[in-house]
Protein chains: 2
Amino acid sequence: MRPTTKDLAKAAGVSLATVDRVLNRRPGVRKETVEAVTAAIEEIGFERNISAANLARSRRYRFEFLLPTAGDQFLETLVSRIEEARAAFAAEHTEVGFRRILSDDPHQIAAHLARLGPEDTDGIAIMAPEAPQVRDATHRLFERGVKVVQFVAGQLGGPEVDFVGVDNNAAGATAGRLMGKFCGGRTGRILVIADTMNARDNVERRQGFDRILTADFPDLSALPSVETHGDPARTRRIVGNLFENFHDISGVYVLSSETRVALEAVAAATDLRQTQVIAHERTAFNVNKLRSGELDAVIAQNPGHLVRSAIRVLRARCDGREPIASQEEIRIEILIRENLGQAADRT
Amino acid sequence: MRPTTKDLAKAAGVSLATVDRVLNRRPGVRKETVEAVTAAIEEIGFERNISAANLARSRRYRFEFLLPTAGDQFLETLVSRIEEARAAFAAEHTEVGFRRILSDDPHQIAAHLARLGPEDTDGIAIMAPEAPQVRDATHRLFERGVKVVQFVAGQLGGPEVDFVGVDNNAAGATAGRLMGKFCGGRTGRILVIADTMNARDNVERRQGFDRILTADFPDLSALPSVETHGDPARTRRIVGNLFENFHDISGVYVLSSETRVALEAVAAATDLRQTQVIAHERTAFNVNKLRSGELDAVIAQNPGHLVRSAIRVLRARCDGREPIASQEEIRIEILIRENLGQAADRT
DNA sequence: TATTTTCTGAGGTACGTGCCTCAAATAGTT
DNA sequence: AACTATTTGAGGCACGTACCTCAGAAAATA
C-alpha cells in the first residue's frame with residue numbers, strides 16, 4: 001500500500017494536524033518539525049493523493065474558450081475537441097465552456113471581456129485577431145485576477161499572457177523546406193495563396209516560408225501572396241491570370257486553413273497532380289485531397305492538444321504553478337497520404 | 001454545483017442504494033427502475049466523480065513494462081518516458097514499473113512470463129522480438145488473468161492481445177513517399193540499411209517502402225537490404241562496394257532506429273548532403289543529423305504517447321472497458337529540420 | 001390468500017485529504 | 001518562577017462514491 005498522511009504522521013512522530021500544516025505550508029510549525037516531516041516524506045516515499053486532496057478541497061476550476069463565430073472546418077474541429085475536453089476534465093473538477101463572438105468586431109470582443117470577472121470564470125482562452133482594444137481588455141481582465149491564454153492566434157501580448165499554439169514562422173519554414181525538396185532542384189515559381197494577409201498567422205507563415213526558400217532554394221521564387229477574401233470568382237480570375245503569365249509555376253502554398261476556394265481556383269488553371277501543393281490543417285477537405293493526390297502535404301497542429309494544453313496552462317496558472325514548457329509545446333505535424341492513419345476524418 | 005449521486009437519487013425518485021446498483025451494474029434492479037435512473041442521469045447531467053469513485057474503491061493498478069536490455073537511444077528514451085509516466089500515474093492509483101530482459105534469449109523472457117501471475121501484476125506491456133516461446137507464454141499469462149499489450153514490436157498475437165505501436169508498413173510507406181518526392185522524378189537507386197532483417201518491424205517497413213516505390217516511383221529502384229549487425233567495419237566495406245558498383249544511388253533509407261553505424265558507412269562513401277537520407281526515430285543522434293543537414297527526414301513515433309497509451313489500454317482492459325481505438329492510435333510523425341521544435345533533445 | 005422471490009430503501013463505514021476548533025504542551029521572555 | 005507566545009495534538013466534519021447489511025415493500029408464484 002501506498003503511504004498515507006497517517007503513515008507519514010507516525011513516521012515523523014507528529015500528529016496528523018502537523019503533517020497537514022507542513023504539507024499545505026500553513027504557519028505555526030517550528031523549523032525543526034518541518035524538517036522532520038520533510039525527511040519522513042523522503043524516507044517512506046510519501047506522495048499526496050491528489051484526487052483525494054481535490055475531493056476534500058472541493059475546488060473547482062471554471063474555464064472558457066472564446067472563439068470567433070465565422071470559421072472554417074478547423075474551427076469546427078476545435079469546438080468538438082473542446083466538447084470532448086469538457087467531458088474529460090469534468091472528472092478533474094474542471095468546467096470547460098466556450099463562447100463564440102463575431103471576430104471582425106474587436107469592440108464586441110473587448111466589451112465581452114470587460115464584463116467578465118473572477119466571479120464568472122477562473123480563466124479564459126482567447127482566439128481573436130489582433131486588435132488594440134482586445135489587447136487592452138485582455139490586460140485589464142488579467143489584472144482583475146482572471147488567467148488568460150492566447151489561443152492559436154497570437155496577440156503579441158505581454159509576458160504575463162501565455163500563448164498556446166504553434167510557432168507560425170516555423171510552420172511556414174516547414175512548408176518552405178518541403179516545397180523546396182518536393183520541387184527537387186528545378187527552377188520555378190511558387191504561388192502563395194491566403195484568405196487574407198491581415199492575419200498575423202498568415203504573415204508569419206509567409207515569412208518563414210520565404211526565409212527557407214531564399215536561403216536554401218534559390219532556384220525557386222515565391223510570387224506575392226494572392227488574397228482570396230473567400231471570393232471564388234475573383235480568386236479564379238487572379239490565379240488564372242498568374243498561370244497564363246507564368247508558365248513555370250511548379251508549386252502552390254496555401255497559407256490559411258480554409259483551402260477550398262484556393263484549390264478550386266488552381267484546379268481550374270492547371271493540373272493539381274502535376275503541381276506540388278502544400279496547405280495547412282487537418283480538415284476533412286484537406287485529408288480527402290491528400291488521399292486523392294491533389295494535395296502533396298499538409299502542415300497541421302493537433303486540435304486536441306491545443307485545447308488540452310490551454311486548459312493545463314490555465315490550471316497551472318490558477319494554482320500558481322509554472323506550466324511545463326516542454327509539455328505544452330505544440331508540434332508542427334507533417335501529413336502526407338501515408339501517415340494519415342485510420343482515424344475517421346473529423347469534421 | 002455539479003450534481004452528485006444524492007441529487008441523482010432524488011431526481012430519479014429512488015434511494016442512494018439503487019442509484020449505486022444501477023451505476024455499477026449490480027443485479028437486483030428492475031428494468032423500469034434502471035431506465036428511470038438512466039433518464040434522470042441524462043436529465044440532470046450527472047457525471048460520476050471518478051476520483052471519488054477510485055478513492056472509495058481504493059483500487060490500485062499495477063503494471064509492468066518488459067523491455068530488452070540491449071538497446072539504442074530510442075529504447076533509453078522509452079525508459080525515461082516510463083519513469084515520467086510512473087510519477088504522473090501515481091496520482092491515479094496506478095503503479096508503473098519496468099524490467100529489462102535479455103532480448104536475444106526468448107527462453108528467458110518466456111521463463112519470466114511463466115513466473116508472473118495476477119498476484120504480481122495487473123497488466124504487462126511486452127516489447128520483445130518475435131518467438132514462439134514468447135507468444136505461448138504470453139497467451140498463458142493472459143489466461144491466468146493478467147492483461148497484456150504488445151508494445152512497439154508486434155508479436156502477431158491473437159485478437160485478445162492489444163498492440164500499441166505504429167503500423168510499420170505505413171511507416172515504411174511514409175518513408176517511401178518522402179523518398180520518392182525528395183528524389184524528384186530522377187532515375188536512381190535507393191540503398192536500404194537495417195541492423196538486421198530478422199526483426200518483424202524492419203521487414204514490415206521495408207515492405208511498405210517498396211510498395212510505394214513500385215507503385216508511384218518506377219524510376220527509383222531499391223537495392224536489397226544491407227544488414228549492419230552493429231559491425232562498423234563490415235558495414236563500411238559493403239556500403240563502399242555498393243557505391244563503387246552503382247553510381248546512381250540517390251537515396252538512403254535506414255530502417256532501424258540505431259542509425260549511427262549506417263550513416264557513418266554511407267558518409268565514408270559519399271556526401272550525405274547530396275544524398276536523400278531518411279531514418280527512423282527521434283534520437284539525439286538523428287536530431288543532430290537533421291540539424292546539420294546530413295539527414296533529410298526522420299519518421300518517428302512519440303515515445304511518451306507509446307508509454308501512456310499502453311498504460312491506458314491496460315487500465316481499460318482491467319476495468320473491462322474497450323480502449324478508445326482512435327485515441328490510442330500512435331501517429332507516424334515526419335520530422336525535418338524545421339519542425340523539430342524547441343524541445344531539448346532527449347537522450 | 002399464503003408463500004416465496006425479487007426489488008428497493010435506510011443507514012452505516014470506508015477511502016485520503018483539507019480545514020477547523022480547542023486544549024495542552026513547550027519554548028521564549030521577563 | 002511566572003508569564004506570554006508559539007507550537008503541537010486530538011478530534012471532528014466534509015468531499016462524492018463504493019460497498020455492505022438488513023428490513024420491508026412489491027411482485028410473482030402457488
Side-chain angles (χ1 to χ4, degrees), chain A residues 1-41 44-61 87 89-95 318-320, chain B residues 1-41 44-61 89-95 318-321:
Chain A
M1 263 340 272
R2 190 169 147 185
T4 71
T5 40
K6 218 171 278 179
D7 303 323
L8 179 55
K10 202 180 296 170
V14 300
S15 75
L16 264 181
T18 303
V19 164
D20 176 60
R21 289 182 189 112
V22 173
L23 284 181
N24 297 294
R25 294 170 213 282
R26 273 185 262 278
V29 183
R30 235 185 333 150
K31 207 157 64 165
E32 299 95 79
T33 314
V34 173
E35 279 159 13
V37 174
T38 319
I41 290 177
I44 68 172
F46 171 81
E47 284 175 84
R48 246 176 149 100
N49 184 328
I50 299 177
S51 21
N54 281 335
L55 180 61
R57 187 169 6 218
S58 72
R59 166 107 165 78
R60 302 201 63 71
Y61 304 86
F89 280 90
E92 302 174 37
H93 315 276
T94 304
E95 288 159 20
C318 283
D319 294 346
Chain B
M1 261 343 270
R2 191 171 146 183
T4 70
T5 38
K6 217 170 279 179
D7 304 323
L8 179 56
K10 202 181 296 170
V14 299
S15 76
L16 264 182
T18 302
V19 164
D20 176 59
R21 289 181 190 112
V22 174
L23 284 181
N24 297 293
R25 294 170 213 281
R26 271 186 265 279
V29 184
R30 235 187 330 153
K31 207 157 70 165
E32 300 95 78
T33 315
V34 173
E35 278 158 13
V37 174
T38 320
I41 290 176
I44 67 171
F46 171 80
E47 284 175 83
R48 229 178 161 108
N49 184 330
I50 300 176
S51 21
N54 280 336
L55 179 62
R57 188 167 7 214
S58 72
R59 168 117 168 70
R60 301 199 63 70
Y61 304 86
F89 279 90
E92 301 173 39
H93 315 275
T94 304
E95 287 159 19
C318 283
D319 295 346
R321 303 194 324 266

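All figures in this text were calculated on a predicted structure; none of them were measured in a lab. So that the names make sense, note that chain A is the first sequence line, chain B the second, and so on, each numbered from 1.
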Contact list for DNA chain C against residues 18-32 of chain B - heavy-atom distance below 4.0 Å: B/T18, B/R21, B/G28, B/V29, B/R30
What's the [atom1]-[atom2] distance between [X] and [N], to the nearest Å?
X     : N      : atom1 : atom2 : result
B/K6  : C/dA10 : NZ    : C1'   : 13 Å
A/L16 : C/dG16 : CG    : C1'   : 10 Å
B/R57 : D/dC19 : CZ    : C1'   : 10 Å
B/L55 : C/dT13 : CG    : C1'   : 13 Å

Quick note, B/N49 side chain, CB onward, closest among D/dT17, C/dT17, C/dG9 is D/dT17
Taking only the side-chain heavy atoms of A/A17 (C-beta and beyond), determine which of D/dG9, C/dT17, C/dG9 contains the nearest atom. D/dG9
Just N and O in the side chain of B/S15: are any of them under 4.0 Å from OP1 or OP2 of C/dG9? yes
Think B/T5 has a side-chain N or O under 4.0 angstrom from the OP1 or OP2 of D/dT17? yes
Checking [X] now: which residues fulfil side chain to side chain contact (heavy atoms under 4.5 Å, CB included) with it, not counting sequence neighbours?
X     : value
B/A40 : B/L8, B/A11, B/A12
B/T4  : B/K6, B/D7
A/T38 : A/V34

Who are the salt bridge (charged side-chain N to carboxylate O under 4.0 Å, His left out) partners of B/R57, not counting sequence neighbours? none
Identify, with sequence neighbours excluded, every residue that meets salt bridge (charged side-chain N to carboxylate O under 4.0 Å, His left out) alongside B/D20. B/R26
Can you tell if the side chain of A/F46 reaches within under 4.5 Å of the side chain of A/L23, non-hydrogen atoms only? yes
